[in-house]
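Notes for the one structure printed next.
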Amino acid sequence: MASEQVVLDVEDLRMRYGTTDVLHGITFQAHQGEVLALLGPNGAGKTTTIEILEGFRLRSAGRVSVLGVDPAHADERWRAHVGVVLQSWRDHGKWRVRELLRHLGVYYSCYATDQVSRPWDPDELVAAVGLTARADAKIRTLSGGQRRRLDVAVGIVGRPELLFLDEPTTGFDPVARREFHELVRRLAAQDSTTILLTTHDLDEAEKLADRIVILDGGRIVADGTADELARRIAGEDEVRWTHAGQRHVRHVRESTKFVHDLFRRHGDAITDLEVRQASLEDTYLSLVRRVEAEGATR
Amino acid sequence: MNPTTTALRAGGRRGLIELRQSLTNGADLWNHAFWPVLMLVVTFFLRDVSFGQTGFSVGALALPSILGMNAAMAMVTMSQLLTADREDGTLLRAKATPNGMLGYLVGKLVSVAGGLVIDLSIFLIPGVFLVSGLVTGSLDAWLTLAWVLALGMLAALPIGAVLGSVFATARGQGLLMLPILAMIGISGVFYPVTALPEWVQWVAQVFPVYWLGLGMRSALLPDAAVAVEIGESWRHLETVGVLTAWAVLGLVLAPVVLRRMARRESGSSVAERRERSLQRVR
């Protein structure tokens with residue numbers, strides 16, 4: 001579970017390409033062992049943000065600290081404690097799965113400590129991402145989902161303290177997606193790896209993340225746990241019931257109390273009761289809609 | 001072990017793994033064999049064509065020159081591999097790994113140099129049986145060949161890395177081939193450079209291809225063959241001078257250009273390039 005130590009600290013981060021502002025001053029933090037999802041529609045600025053944090057892109061303004069260091073001036077020691085899984089990688093097609101993991105692991109061997117052995121043993125790593133059957137296969141013969149799991153394996157071969165996952169499950173089938181989610185949860189729980197993932201899939205953010213930061217149009221529009229967001233923003237559950245042969249639908253904030261009152265008033269006469277809690281999806285859609293509406297009136 | 005040593009060793013191993021891979025798959029084997037075999041065929045047809053009154057066959061003169069040309073072509077190989085690795089994200093992967101760029105470069109140098117030695121052997125070993133009039137019995141000849149080759153690679157590979165970073169796309173690499181073919185054409189590979197107009201000779205002497213060819217001829221041809229060279233001399237001193245100058249230029253430029261290129265690599269830049277190359281195909 002998340003500890004108090006701040007691993008990611010972003011303050012008023014701004015990015016401008018030419019005359020276009022892509023990030024308008026975003027601020028957030030992540031603590032050790034926390035899984036944080038950057039959620040937002042395409043073009044919201046998720047990838048730009050993550051690339052700045054990875055040290056692959058120079059920001060225009062703002063303060064960024066990743067593992068206590070500014071990634072724009074980070075050295076190779078810092079690099080050894082950060083794992084990166086990008087959106088799509090096609091490299092090393094001629095290499096074999098275990099061969100590549102063993103090779104890339106070597107670079108991390110001199111960064112081992114008494115607490116953390118580095119790198120991850122190739123056989124164990126292959127097993128951890130469920131690729132044992134393909135360990136000696138050429139990488140270019142892997143299916144999309146297998147390739148993605150290999151990318152994750154490469155990202156964690158040095159047992160990073162912080163792992164970046166950019167749209168990690170794009171193109172996964174449901175089974176691969178569930179296995180991947182289990183792997184991410186295991187990393188966060190057992191190794192207290194801090195994980196920052198970007199996604200436009202709400203369901204994924206809800207399942208995986210301890211905390212969700214919603215980004216839209218280069219601004220943070222919400223930040224909190226899935227429950228908090230659902231309550232804080234949409235906040236209204238849907239209650240349906242039948243009374244005296246008539247169907248009713250009502251959106252209420254405190255659904256339990258509302259139902260209690262309903263029964264007190266009508267007793268047994270209430271049938272077909274349904275309560276649907278506001279899902280994150282409702283929250284998200286209402287948020288994005290609101291931001292777009294504001295953008296239109298501005 | 002310190003991180004730099006670790007990366008150097010990992011790079012060495014990486015080069016050997018890549019070399020093995022290139023010898024165990026059809027497409028790469030074809031690339032290895034294609035030019036040497038083609039050049040063997042050319043040499044075969046030139047073996048009985050005599051060059052003027054010198055008593056040497058054009059084949060005998062061309063064989064060491066072709067050897068030198070192939071060595072210089074390692075520059076192109078290096079450049080193309082770098083472009084390919086940049087397009088598919090291998091370079092970005094190296095950047096995401098601690099000291100990975102160092103390991104990557106060492107690996108590339110080892111695999112390209114190793115591949116070159118293999119390509120040269122495919123050509124040279126049958127070649128010496130095909131052509132008469134070569135000096136192959138003396139240790140001196142092979143020592144000369146070795147230092148010319150080593151210095152030639154030192155000149156060619158860093159420049160290749162620079163070209164690979166500057167001409168970043170497959171299309172750029174295609175354009176690059178034109179001036180390189182022109183350079184080979186005037187470098188006295190298939191016909192002695194002294195048969196060309198003097199101003200062309202001067203241009204040829206700027207580039208490493210001519211000097212690699214000259215060095216190889218000085219190793220494998222008998223002394224009498226020096227008569228067809230500029231100034232009737234093997235000019236070892238000048239060979240060392242020009243090749244060293246290219247090596248220094250490459251070794252100074254390569255880290256600067258490579259670092260600049262690496263700095264600009266990111267996930268979205270790789271994705272963007274793929275998007276563009278897909279559009280080209282469609």
Side-chain angles (χ1 to χ4, degrees), chain A residues 17 22 45-48 50-58 72 74-96 99-100 102-112 118-119 138-140 150-151 154-155 157-158 160 163-167 198, chain B residues 1-29 81 84-104 106-107 111 262-275 277-278:
Chain A
Y17 297 117
V22 184
K46 302 186 301 281
T47 297
T48 302
I50 208 169
E51 286 187 348
I52 290 169
L53 300 181
E54 286 163 347
F56 289 167
R57 196 172 278 282
L58 291 178
D75 60 2
E76 301 297 320
R77 168 168 294 276
W78 176 85
R79 184 57 70 203
H81 294 97
V82 173
V84 172
V85 180
L86 298 177
Q87 279 191 20
S88 61
W89 247 336
R90 300 167 302 145
D91 59 310
H92 290 96
K94 290 176 189 166
W95 290 60
R96 291 172 198 279
E99 180 179 55
L100 181 65
R102 176 170 293 130
H103 170 71
L104 291 175
V106 171
Y107 294 88
Y108 296 88
S109 58
C110 45
Y111 297 102
R118 293 189 168 94
K138 281 202 180 140
I139 289 171
R140 64 162 164 243
L150 169 68
D151 286 339
V154 171
V157 69
L163 180 63
F164 292 107
L165 299 167
D166 199 2
E167 309 262 347
T198 68
Chain B
M1 213 172 1
N2 81 44
T4 309
T5 324
T6 306
L8 287 175
R9 282 203 194 177
R13 224 166 307 150
R14 180 184 179 84
L16 294 179
I17 291 172
E18 284 184 343
L19 192 58
R20 194 198 65 222
Q21 284 163 353
S22 82
L23 295 175
T24 50
N25 89 73
D28 284 352
L29 273 175
L81 287 174
D85 284 348
R86 195 173 174 188
E87 281 197 338
D88 73 11
T90 304
L91 217 63
L92 184 58
R93 181 81 80 191
K95 193 182 162 188
T97 310
N99 300 293
M101 284 304 279
L102 180 62
Y104 168 82
V106 172
S111 68
R263 210 173 23 236
R264 278 191 271 165
E265 286 305 291
S266 69
S268 36
S269 62
V270 171
E272 225 169 81
R273 267 197 299 274
R274 182 179 50 219
E275 206 56 41
S277 69
L278 283 176

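Reminder, nothing fancy here: chain letters follow the sequence lines and each chain counts from 1.
- The pair A:Asp151-B:Arg93 counts as a salt bridge, with a side-chain nitrogen and a carboxylate oxygen less than 4.0 angstrom apart.
- Contacts between B:Gln21 and chain A at a heavy-atom distance below 4.5 Å involve the side chain alone, from C-beta outward.
- When B:Ala94, B:Ala84, B:Pro3 are compared by the number of non-hydrogen pairs under 4.5 Å with chain A, B:Pro3 comes out ahead.
- Using a 4.5 Å cut-off between heavy atoms, A:Glu99 touches chain B through its side chain atoms alone.
- With a 4.5 Å cut-off on non-hydrogen atoms, B:Ile17 touches chain A through its side chain but not through its backbone.
- Heavy atoms closer than 4.5 Å to chain A are found nowhere in B:Asp85, neither backbone nor side chain.
- Of the atoms belonging to B:Asn25, it is side-chain heavy atoms, and not backbone ones, that fall under 4.5 Å from chain A.
- How far CG of B:Leu81 is from CG of B:Leu91: 11.5 Å, rounded to the nearest 0.5 Å.
- Note: A:His92 NE2 to A:Leu150 CG = 10.0 Å, rounded to the nearest 0.5 Å.
- Here the side chain of B:Asn99 pairs no donor or acceptor atom with the backbone of B:Leu102 at under 3.5 angstrom.
- Heavy atoms closer than 4.5 Å to chain B are found in both the backbone and the side chain of A:Trp95.
- Heavy atoms closer than 4.5 Å to chain A are found in the side chain of B:Arg13, but not in its backbone.
- In this structure, CD on A:Glu54 lies 7.5 Å from CZ on A:Arg79, to the nearest 0.5 angstrom.
- For B:Arg20, the part lying near chain A is the side chain, with the backbone staying farther off; criterion is any non-hydrogen pair under 4.5 Å.
- B:Arg9 CZ: 12 or fewer foreign heavy atoms inside a 6.0 Å radius.
- Atoms CG and CZ, on A:Leu104 and B:Arg14 in that order, are 7.0 Å from each other to the nearest 0.5 Å.
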